[in-house]
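Remember, it's a predicted structure, so these values are computed and weren't measured experimentally.
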Amino acid sequence: MSTPAPTLLKQKNIPNSIPAQDFSKNLQAVIAKIQAANNVDEIMVEASKDIRALFNADRLTIYALSDDKSFFITRVKTGIDTFQDLKIPVTETSIMGHAGLQKKTLNIEDVYNKSELKRIDAQLVFSNEADKRTGYRTKQMLVAPILNQENQALIGIVQAINHKSNQAFPSEIVQGVTEICRAVSGALKQPEKPAQLLKSKYDYLVLDATISAAELELAARSARKKGCDLEDILLDEFQIGLPVIGKALASFFAVKYEPFKADRVKPAELLKNLKRDYVESNAILPIDDTKDGLVILTLDPERVKTQRIANTIFPKNKIIYTVTTKREFDETVKQFYGGDEIDSGDINEMLVGLQGESIDTEETDNDKEESSAASDNELVKLVNKIIIDAYKQGVSDIHIEPFPGKEKTKIRFRKDGSLMPYIEIPAGYRNPLITRIKIMCDLDISEKRKPQDGKIKFKKFAPLDIELRVATIPSAGGMEDVVMRILAAGEPIPLENMGFTEHNLKELKSIISKPYGLFFVCGPTGSGKTTTLHSVLKYLNQNDTKIWTAEDPVEITQKGLRQVQINVKAGLTFPVIMRSFLRADPDIIMVGEMRDKETTSIGIEASLTGHLVLATLHTNSAPESVIRLLDMGMDPFNFADALLGVLAQRLAKRLCKHCKEAYVASEQEVDTLLDEYCVELRNIDRFKADPETALREIRAQWIQQYGDDQGRITLYKAVGCNECVGTGYAGRVGLHELMTATDALKKNVQERVRVAEMLVTALGDGMRTLKQDGIEKVLQGVTDMHQVRVVCIK
């Protein structure tokens with residue numbers, strides 16, 4: 001193949017450059033060597049060394065484009081005459097993919113400089129995954145497309161990394177790489193199929209510099225010696241993550257890697273003819289039926305394809321193969337078929353059994369028939385399994401949502417405040433399912449027109465000691481919805497572990513240490529009010545203290561407390577219990593909720609007669625709680641004397657600790673946080689007098705508390721991983737607004753001032769609003785501003 005003579009270039013005055021005449025001479029020598037090569041391996045392995053030296057680069061690689069145009073492939077020499085393939089996916093957003101698809105040469109001075117990448121293309125990103133694993137720092141990168149000289153089609157890529165001058169590659173090298181690409185194109189324009197594939201499915205880990213060849217051989221010997229799987233050795237002894245191994249498998253088999261997902265919906269229709277033994281012995285599991293085809297999860301796509309295992313089971317479906325690690329495959333099998341000691345069976349087999357024996361109770365009101373169906377062994381096990389799965393997944397609520405006609409009944413779980421799908425039940429079993437739940441909590445199975453409330457003590461039905469609060473609600477179409485809340489169990493959380501800031505924790509301990517008075521915790525349903533009150537009681541619970549609680553229901557129990565459950569049918573209401581408490585010599589009284597004037601009046605009376613009274617309210621903020629109680633008809637003077645403080649709280653989603661990503665906040669982002677933090681503060685006297693000085697003081701305090709040596713503040717953003725099911729969030733954190741009843745605030749209460757004026761007084765006394773507390777937790781890296789805004793909306 002003839003090659004145009006390379007253009008002579010003027011020498012650039014930079015370190016490590018060579019005279020233009022010498023560069024041109026060396027370039028021609030390298031091109032001659034490429035043209036004389038016997039095969040592609042010689043070009044990729046041997047010639048690349050000469051090109052690297054010529055370009056003064058730290059690394060240089062030549063890639064060919066795969067037949068299906070989805071991968072760039074290069075060769076790595078592993079022996080005298082043996083080679084291994086390294087595959088890199090072709091994506092529009094990667095530097096190599098962009099250069100290839102756009103057919104242009106990219107010369108980047110710093111791949112970590114997002115501004116430089118953005119000038120090339122707004123979507124361009126540099127994946128630093130290999131740098132993180134190896135400790136190598138990629139900086140400069142020169143990437144040039146190899147084009148077929150006849151039709152200008154892309155057939156490969158040349159990539160040079162890190163020029164020895166620590167600057168962008170000089171212009172003579174940029175022009176020289178074009179000459180190199182022309183020479184290489186002759187050998188690559190009809191790329192041969194690799195003569196030898198990777199010997200092991202884990203060899204990509206060596207090619208990607210995750211571990212060395214010697215370490216992989218050492219791991220293989222260790223696995224043989226211990227009689228275990230090589231994957232286990234790589235995971236446990238070499239600390240290589242599942243996603244990294246999954247990526248190696250995907251490259252080896254040239255299919256998509258499918259990680260384990262805790263929220264994956266079980267495909268009952270696909271699993272109905274598949275027994276667990278068959279799935280495990282053949283390492284094949286259908287996970288989804290999409291518009292593009294049936295997605296099959298397997299450990300060895302090549303074997304499954306060759307033996308046509310999936311085609312035999314699903315002959316009419318187009319098959320999409322995905323690969324996963326053995327550990328994640330086993331987890332998915334366990335997720336679909338069960339496997340823990342407290343599991344009550346395989347949920348998919350239960351569903352299949354119900355579908356096979358489906359009954360229709362839709363048009364009958366025969367309670368005996370429904371009761372009989374509800375006691376069916378498979379249905380009993382199914383309900384137990386739903387509850388066990390919910391508990392194991394850390395779910396707070398189970399929602400059962402039936403629909404009229406033949407539509408299936410949907411079951412959804414609420415976790416960390418968000419609903420997610422779980423399973424669907426055949427239409428014919430919706431009534432027996434709800435009847436079974438009513439039987440478990442001793443509700444009237446014949447009453448379907450009125451809401452009912454009950455409680456399930458689950459240890460009666462399965463080896464799991466939890467309680468559930470059950471609510472049935474009549475819905476459209478003659479249906480009944482059921483919501484089951486899994487009640488918090490075990491010891492209450494210590495006050496120090498409740499997520500209070502140092503300022504709020506100190507103030508709260510000061511308030512609740514008073515011998516008498518009235519203290520409220522307020523917030524919407526599900527904001528953790530009861531949990532907080534029980535943490536306060538744990539702090540106050542001493543041998544010389546008598547504590548009575550009135551709750552509806554009793555969710556958390558602890559030794560030393562005398563707890564009473566509300567029972568309206570028996571006449572045991574909050575006011576009745578409160579009056580009886582006053583005759584029972586208490587030191588501390590906790591009331592589940594002050595929802596009426598009588599209960600509140602008794603609470604105020606108790607607090608003024610030497611008792612500490614704790615209670616909850618359903619209000620939005622601390623100042624609003626005071627106004628709400630005054631609107632109930634409370635005497636302002638008595639109430640002001642009794643009040644110790646009010647704690648408003650919310651729960652925001654916590655950033656997943658496994659995948660949250662740190663970044664340095666820009667000045668604009670810090671200014672935005674500062675503006676939001678100071679919205680309410682601008683009304684207090686200190687701010688009005690000198691707002692600029694006040695802002696500077698807060699910023700300086702942030703930098704001192706949360707900044708680094710250079711005064712930069714690090715924030716975190718959600719990413720998503722297997723641990724948090726791709727959401728970026730796991731668990732929740734409390735946001736708190738603690739208003740102390742100072743003399744100024746008591747005066748506001750006596751004068752019945754407006755909420756806005758009371759808020760200014762509280763802020764002047766040192767209170768921080770919910771949003772301010774949330775912003776402090778953003779600065780601590782616990783959550784992000786989006787979650788704070790979501791829960792602090794007015």
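In terms of the salt bridge (charged side-chain N to carboxylate O under 4.0 Å, His left out) criterion, residue partners of Glu258 (sequence neighbours excluded) are, by chain and number, Lys256, Lys261, Arg264. Applying the side-chain hydrogen bond (donor to acceptor under 3.5 Å, both in side chains) criterion to Lys247, with sequence neighbours excluded, gives no partner residue. Partners of Lys459 according to the side-chain hydrogen bond (donor to acceptor under 3.5 Å, both in side chains) rule, which considers only residues two or more places apart in sequence or in another chain, do not exist here. Taking Phe329 as the reference, nothing meets the ring pair (Phe, Tyr, Trp, His ring centres under 6.0 Å) condition, with sequence neighbours excluded. Residues that satisfy the salt bridge (charged side-chain N to carboxylate O under 4.0 Å, His left out) test with Arg412, not counting sequence neighbours, are Glu401. When the side chain to side chain contact (heavy atoms under 4.5 Å, CB included) test is applied to Ala219, the partners found at least two apart in sequence or on another chain are Leu230, Ile233, Leu234, Phe238. Evaluation of the salt bridge (charged side-chain N to carboxylate O under 4.0 Å, His left out) rule for Asp397 yields Arg485 as partners, not counting sequence neighbours. Checked against side chain to side chain contact (heavy atoms under 4.5 Å, CB included), Arg327 has the following partners two or more places apart in sequence or in another chain: Glu231, Asp232, Leu235, Asp236, Leu242, Thr325. Residues passing the ring pair (Phe, Tyr, Trp, His ring centres under 6.0 Å) test with Phe461: none are found, sequence neighbours excluded. Scanning for ring pair (Phe, Tyr, Trp, His ring centres under 6.0 Å) contacts around Phe413 gives Tyr422, with sequence neighbours left out. In terms of the salt bridge (charged side-chain N to carboxylate O under 4.0 Å, His left out) criterion, Lys415 has no residue partners (sequence neighbours excluded).
In terms of modelled atom types and a separation under 3.5 Å, the side chain of Glu328 and the main chain of Phe260 share a donor-acceptor contact. Under a 3.5 Å cut-off, the side chain of Lys777 and the backbone N or O of Gly499 do form a donor-acceptor pair.
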Val791 vs Leu651, side-chain contact (heavy atoms from CB on, under 4.5 Å): CA-CA, chis, key distance, verdict = CA-CA 7 Å; Val791 298; Leu651 294 179; over 6 Å; no
Report the C-alpha separation of Tyr716 and Asp784 in whole Å, then their side-chain angles, then the decisive distance to 0.1 Å, and conclude whether the side-chain contact (heavy atoms from CB on, under 4.5 Å) test is met.
-> CA-CA 7 Å; Tyr716 293 81; Asp784 59 26; over 6 Å; no
Give the C-alpha distance, both sets of side-chain angles, the deciding distance and a yes or no for side-chain contact (heavy atoms from CB on, under 4.5 Å) between Gln102 and Glu92.
-> CA-CA 9 Å; Gln102 299 298 322; Glu92 186 73 63; 3.3 Å; yes
Step by step, work out the salt bridge (charged side-chain N to carboxylate O under 4.0 Å, His left out) result for Arg137 and Asp110.
-> CA-CA 10 Å; Arg137 172 60 159 86; Asp110 188 352; 3.5 Å; yes
For Tyr257 and Thr324, what are the C-alpha separation, side-chain angles and deciding distance, and is it a side-chain contact (heavy atoms from CB on, under 4.5 Å)?
-> CA-CA 6 Å; Tyr257 161 57; Thr324 193; 4.0 Å; yes
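Shown here is Glu407, whose CD atom has more than 12 heavy atoms of other residues, nucleotides or ligands within 6.0 Å.
Annotation: side chain of Ile456 is in contact with side chain of Ile437 (closest heavy-atom distance under 4.5 Å). Side-chain atoms of Arg414 and Leu419, non-hydrogen and from C-beta on, do get closer than 4.5 Å to each other. Counting only heavy atoms from C-beta outward, the side chains of Met484 and Ile400 approach each other to under 4.5 Å. Counting only heavy atoms from C-beta outward, the side chains of Glu302 and Lys201 never approach each other to under 4.5 Å. Proximity of Asn162 to Arg59: side-chain heavy atoms (C-beta onward) are nowhere separated by under 4.5 Å. Two residues are said to be in side-chain contact when any heavy atoms from C-beta on lie closer than 4.5 Å; Val279 and Phe336 fail this criterion. Taking the side chain as every heavy atom from C-beta outward, Ile95 and Leu117 approach each other to under 4.5 Å. Two residues are said to be in side-chain contact when any heavy atoms from C-beta on lie closer than 4.5 Å; Leu271 and Pro267 meet this criterion.
Taking both residues in full, the closest heavy atoms of Glu237 and Ser222 are given as OE1-OG, 3.7 Å, listed atom of the first, atom of the second, then distance. When all heavy atoms are compared, the tightest approach of Ala283 to Thr298 is O-OG1, 2.7 Å. Residues Gly156 and Phe72 share a closest heavy-atom pair of C-CE2, 4.4 Å. Pro145 and Ile157 get closest at one heavy-atom pair: CA-CD1, 3.8 Å. Shortest non-hydrogen contact noted between Ile296 and Ala310 is CG1-CB, 4.3 Å. When every heavy atom of Leu124 is checked against every heavy atom of Ser94, the shortest pair comes out as CD1-O, 3.5 Å.
The line from CZ of Arg654 to NZ of Lys660 is 8.5 Å long, rounded to the nearest 0.5 Å. With values rounded to the nearest 0.5 angstrom, Gln159 atom CD is found 4.0 Å from Ile161 atom CD1. Within the model, atoms OH of Tyr278 and CD1 of Ile313 stand 3.5 Å from one another, a figure rounded to the nearest 0.5 Å. The CD atom of Glu215 sits 10.0 Å away from atom OG1 of Thr210, with the distance rounded to the nearest 0.5 Å. For the atom pair CD1 of Ile398 and CD1 of Ile486, the computed distance is 4.5 Å after rounding to the nearest 0.5 Å. Summarising the geometry, atom CD1 belonging to Ile425 is positioned 4.5 Å from atom CG belonging to Leu382; distances are rounded to the nearest 0.5 Å.
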For residues 284-292, dump all side-chain donor-acceptor pairs below 3.5 Å to protein atoms at least two apart in sequence or in another chain.
from: Thr290; atom 1: OG1; to: Asp292; atom 2: N; distance (Å): 3.3
from: Thr290; atom 1: OG1; to: Gly293; atom 2: N; distance (Å): 3.3
from: Thr290; atom 1: OG1; to: Gly293; atom 2: O; distance (Å): 2.8

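Salt bridge annotation for Lys410-Asp481: absent, with no cationic side-chain nitrogen under 4.0 angstrom from a carboxylate oxygen. With respect to the salt-bridge test (charged N to carboxylate O, under 4.0 angstrom), the residues Lys326 and Asp330 qualify.
Side-chain polar atoms of Thr727 and Lys653 form no donor-acceptor pair below 3.5 angstrom.
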